[in-house]
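The figures that follow rest on heavy atoms only: side chains count, while hydrogens, waters and symmetry mates do not. In what follows, chains carry the letters A, B, and so on, assigned in the order in which the sequence lines appear, proteins first and then strands, with residues in each chain numbered from 1.
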Protein chains: 2
Amino acid sequence: MARTAPRTGSTPTRDRVPPHPDLRTITLQQALEALVDPVRRQIVRALHAAGEDLPCGVIELPVGKSTATHHFHVLREAGLIRQHYVGTSRMNALRGEEFTERFPGLLEALVAAPEQL
Amino acid sequence: MARTAPRTGSTPTRDRVPPHPDLRTITLQQALEALVDPVRRQIVRALHAAGEDLPCGVIELPVGKSTATHHFHVLREAGLIRQHYVGTSRMNALRGEEFTERFPGLLEALVAAPEQL
DNA sequence: GTCAAACTTTGATTGCTGTCGTACTTCGAC
DNA sequence: GTCGAAGTACGACAGCAATCAAAGTTTGAC
């Protein structure tokens, strides 16, 4: 398979800059479904704490790589992170300000909340 | 079935004041799992808007009665509502202040968030 | 060119959870 | 007492979402 269209010049096989949704199209339902998973919250916390872009690989997660990919995908679709490639690494950044503009106080409350008892 | 123990005097069959958890035992995970369901958020919004206790029946929900019971149960277990009986009606109140003490800003952000596009 | 690193894609599995209908309980009214 | 209203309990079922392993893609280094 991988029936790529005839390659012309430097166009990558797939879009290496994946689509990022407009925050105005994100529903509260979608945002909460993204944030209810503890692994995804761990990612959000790591990005928030880092304050800079991080490649997927440097965020320690208790799941396999394919599952991690899945989680990053969900976060991107929910408008929580922005992704772009640097070499073979996919860099991730929190879309904190945009998200807060859409859902004021939500991200702040979550990163501030105690994660365990 | 319904093999109730021999009733003695006025003791109700089941505890008519169901157990309410201490907010300190509620995890963020539990709170979010409760709040991720749109029907349950609808209940929370209704109680928040009413500002007073409401019986289950007066909150219009797009589900059957047994499902509604389930949702109230989940909200109670997550420390979001307090329930007590008045006659055959079960009254529900938001545990807003206690919840906010445990997870500052979370409930506020959710009730303030736009629910649809 | 080859190779390894870093992800991604696909397909399968598995467990959870929201839903319902039915039967049951409790209470107030009569 | 009987009856209806308001919920609850109990299975059962269906759909979804998290997970993994295996194979594939893309890039930079050599």
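A donor atom on one side chain and an acceptor atom on the other are found under 3.5 Å apart for B:Asp53 and B:His84. For the residue pair B:His73 / B:Arg76, a side-chain donor-acceptor distance below 3.5 Å is found, with atom types taken as modelled.
Side-chain atoms of B:Arg102 come within 3.5 Å of backbone atoms of B:Leu23 as a donor-acceptor pair (strictly under, hydrogens ignored). The backbone N or O of B:Leu35 lies less than 3.5 Å from a partner atom in the side chain of B:Arg41, making a donor-acceptor pair. Of the possible polar contacts, one joining the B:His20 side chain to the B:Gln83 backbone as a donor-acceptor pair under 3.5 Å is found.
Residues B:Leu117 and A:Thr27 have side chains in contact (heavy-atom distance under 4.5 Å, counting atoms from C-beta outward).
Counting to the nearest Å, the P atom of C:dG15 and the CG atom of A:Asp37 are 17 Å from each other. One atom, CD of A:Glu77, and another, P of D:dA18, lie 13 Å apart when rounded to the nearest Å. When the C1' atom of C:dC7 is taken as reference, atom CE of A:Met91 falls 14 Å away, rounded to whole Å. Taking atom CG on A:Leu32 and atom C1' on C:dT17, their separation rounds to 17 Å, with Å as the unit. Rounded to a whole Å, the CD1 atom of B:Ile43 is 12 Å from the P atom of D:dG7. One atom, CD of A:Gln29, and another, P of C:dG18, lie 10 Å apart when rounded to the nearest Å. Distance, A:Leu75 CG to D:dA17 C1': 14 Å, rounded to whole Å. When the C1' atom of D:dA18 is taken as reference, atom CZ of A:Arg41 falls 14 Å away, rounded to whole Å.
Distance from the side chain of B:Val39 is smallest to C:dT19 among C:dA6, C:dT19, D:dA6. Closest approach to the B:Arg40 side chain among C:dG18, C:dC7, C:dA5 is made by C:dG18 (side chain taken as heavy atoms from C-beta onward). In this structure, the nucleotide among D:dG7, C:dC7, C:dT19 sitting nearest to the side chain of B:Tyr85 is D:dG7.
Taking the nucleotide of DNA chain D with the nearest heavy atom to each of A:Glu33 and A:Gly87, the more 5' of the two is matched to A:Glu33.
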Could you list the donor-acceptor pairs under 3.5 angstrom formed between side-chain atoms of residues 56-65 of chain B and any protein atom two or more places apart in sequence or on another chain?
none

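Residue B:Ser89 has a polar side-chain atom (N or O) positioned under 4.0 Å from OP1 or OP2 of D:dG7.
Contacts between residues 61-73 of chain B and DNA chain D, defined by a heavy-atom separation below 4.0 Å, involve B:Lys65, B:Ser66, B:Thr69, listed by number.
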